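Heavy-atom basis, side chains included; hydrogens, waters and symmetry copies ignored. Order of listing sets the numbers, starting from 1, for every ligand and every atom in it. Bear in mind the structure is a predicted one, so any value in this text is a computation, not a measurement.
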Amino acid sequence: KEKPKNPWHKAVVIFIAVLGIIAIVALVTTAVLQNKPLQQKFKYGIVLDAGSSHTAVYIYEWPAEKENDTGRVKQKHFCQVKGPGISSYSLSPEQAGHSLRLCIQEAVLNVPRRRHHETPLYLGATAGMRLLRMENQSLCDQVLGSVEKVLQSTPFDYQGARIISGQEEGAFGWVTVNYLSDRLKQGSGTTGALDLGGASTQITFATNQDETGESAENTVTFRLYGNDYFLYTHSFLCYGKDQVLKLALAQQTQAGASTLLDPCFNQGYSTNLSYSSVYSSPCITTQKPLAAGEGFTHRGTGNALQCQEVVRRIFNFSGCTFSHCSFNGVYQPPLQGQFGAFSAYYFVMNFLNLTSDTLENNMEKMARYCSTPWTQIKQQFPNVKEKYLAEYCFSGTYILFLLTHGYNFTSDTWSNIKFIKKISGSDAGWTLGYMLNLTNMIPAEAPDTPPLPHAGYVTLLLFTSLLLFLILLCSLRSLWVRCTSQRQII
Ligand SMILES: Nc1ncnc2c1ncn2[C@@H]1O[C@H](COP(=O)(O)OP(=O)(O)OP(=O)(O)O)[C@@H](O)[C@H]1O
């Protein structure tokens with residue numbers, strides 16, 4: 001006898017199957033929509049690097065929703081201000097502000113209009129302004145006042161113009177290099193930073209906590225992404241590329257002669273220099289020689305070995321009161337790890353083709369460059385600025401001396417130095433680190449990350465639901481089969 005059919009069984013099965021299909025369609029749609037890349041919103045920040053030789057404007061950009069992720073901030077635009085650094089406008093301070101206008105206009109065009117009011121704008125002045133402040137505080141204030149007036153009138157969120165300390169310049173250069181190379185989250189194996197400017201030079205590297213104890217003024221500590229860093233840093237004022245040349249010239253013209261035969265310039269090079277252009281810098285502590293006239297003829301003799309002796313005399317290796325010193329009685333712990341050398345280190349070493357060779361080969365190449373006659377050099381490099389070309393023998397010799405005798409790099413540790421201009425498209429320098437710090441973009445503690453990335457989470461959810469639905473279908477099917485087979489039972 002046929003068992004009476006339960007009319008609800010079939011309807012329930014169909015109802016559950018339809019519900020399941022709707023649920024799957026909904027899940028797949030959610031997964032597809034959730035994983036679709038959203039149109040990214042960007043934020044911007046602007047930093048003006050008011051250096052001794054020139055001013056540069058950097059515009060940075062980062063995805064708005066990933067502010068605290070390392071390596072997210074990129075250099076979007078760079079503008080080099082025409083003319084000299086702002087400290088050179090001490091006799092006409094108004095011009096200092098005016099000189100920035102073209103680059104500010106470029107910045108206005110490079111940041112979307114709707115972001116202008118929320119884009120922070122900073123100006124940091126370095127060694128040129130430190131020297132002007134030493135010379136004349138009032139002129140220094142007038143120059144800063146002039147740039148401030150122009151920056152306040154921009155549509156950006158102006159955050160101030162100030163002279164940054166040598167410590168800040170060194171430490172933020174280190175932050176930039178390590179942020180861009182994504183080393184800060186790893187907590188170990190950071191890269192040291194070597195920066196050579198026009199008026200000062202900085203060395204900064206991470207060291208052990210006990211090494212920093214000897215000299216508090218050379219110590220900077222950071223807590224970044226949950227890691228503590230003990231940094232050694234020192235800025236040598238007057239040991240930038242331009243000021244150190246003045247030190248060498250002053251040191252060679254003590255007798256007040258009318259002609260200086262300089263081994264650090266190529267044979268055949270000759271120019272007239274005024275004594276005041278050399279002796280007016282606050283870096284030169286000796287008086288202009290009494291017997292000297294207005295000026296002198298600066299003539300090259302092109303001899304690298306003799307040039308090394310000239311350079312040696314601008315360093316003082318006596319009077320160290322610490323366990324270790326670099327030079328001029330300045331504390332320096334033993335060097336640690338890899339180093340990135342940028343700014344003028346890169347310009348000079350790259351031109352001289354000394355960025356990827358051994359120390360010994362570099363010395364030989366340097367000797368060859370210095371002994372090349374000036375006419376030949378000019379013929380060989382007709383497109384290079386003559387001032388730079390003339391100074392490469394001196395600057396190259398100075399850099400090799402500073403790194404080896406000054407900071408104690410040896411033939412064995414020479415390969416630890418990488419000469420760099422940019423890292424992942426952004427210039428190496430203090431500006432990015434400065435902005436990251438002032439906008440609190442590097443958290444002290446590592447942000448908590450979810451155990452799965454968003455896409456992984458959605459995919460896992462989808463697969464689990466599909467699996468559950470399949471199990472449900474199978475159980476419904478067996479229920480269905482049992483229902484229909486019951487009909488045949490008599
Ligand atoms: N292509 C180049 N070849 C040689 N020297 C260069 C080149 N470009 C720039 N320089 C010089 O390199 C030096 C360093 O430049 P940089 O812009 O880093 O210094 P700055 O910011 O002006 O100085 P500081 O940081 O000491 O205030 C300057 O003396 C500059 O004139």
Side-chain angles (χ1 to χ4, degrees), residues 47-58 78-89 96 99 103 123-134 140 143-144 147 161-173 176-177 193-204 233-248 264-265 281-283 340-355 369 377 381 383-399 402 419-422 427-434:
V47 187
L48 278 81
D49 172 359
S52 62
S53 65
H54 78 298
T55 302
V57 179
Y58 295 91
F78 165 79
C79 179
Q80 170 113 22
V81 170
K82 294 238 159 15
I86 57 170
S87 55
S88 306
Y89 292 101
S99 71
C103 277
L123 180 140
T126 51
M129 288 298 280
R130 276 177 224 138
L131 290 176
L132 181 60
R133 183 172 56 190
M134 282 164 60
C140 172
V143 169
L144 274 184
V147 297
R162 54 181 285 267
I163 302 173
I164 65 167
S165 68
Q167 256 193 5
E168 288 176 286
E169 195 174 358
F172 292 132
T176 300
V177 167
L194 296 163
D195 182 357
L196 179 60
S200 72
T201 189
Q202 290 72 238
I203 176 168
T204 309
T233 186
H234 191 82
S235 174
F236 290 89
L237 190 60
C238 300
Y239 282 77
K241 176 176 169 286
D242 302 325
Q243 289 299 327
V244 88
L245 176 59
K246 287 186 199 263
L247 290 183
C264 299
F265 283 70
S281 161
C283 291
F342 46 88
S343 304
Y345 279 117
Y346 179 83
F347 303 141
V348 174
M349 300 299 266
N350 183 53
F351 173 84
L352 294 167
N353 194 20
L354 309 182
T355 54
Y369 182 85
I377 296 270
F381 306 101
N383 299 324
V384 179
K385 207 162 135 180
E386 223 174 89
K387 178 182 146 53
Y388 293 157
L389 215 47
E391 291 176 4
Y392 281 130
C393 169
F394 172 78
S395 315
T397 308
Y398 168 61
I399 287 174
L402 172 66
F419 294 90
I420 46 169
K421 179 168 166 50
K422 286 176 182 272
D427 279 274
W430 60 268
T431 50
L432 175 57
Y434 187 68

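- The shortest heavy-atom contact between Ala125 and Ile86 is CB-CD1, 4.4 Å.
- Protein residues having a heavy atom under 4.0 Å from any atom of ligand 1 are Gly51, Ser52, Ser53, His54, Thr126, Ala127, Gly128, Glu169, Leu196, Gly197, Gly198, Ala199, Ser200, Lys241, Asp242, Ser343, Ala344, Phe347, Tyr388, Tyr392, listed by chain and number.
- Here the two rings, on Tyr388 and Phe347, have centers that are 6.0 Å apart or farther.
- Heavy-atom neighbours of Lys422 NZ from other residues, nucleotides or ligands within 6.0 Å: above the threshold of 12.
- The SG atoms of Cys393 and Cys264 sit 2.5 Å or more apart.
- Judged by distance alone, with hydrogens and angles left aside, the side-chain atoms of Thr176 form a donor-acceptor pair with the main-chain N or O of Gly433 at under 3.5 Å.
- Ring geometry for Tyr434 against Phe172 counts as perpendicular: the plane angle is over 60°, on a 0 to 90° scale with 30° as the lower cut.
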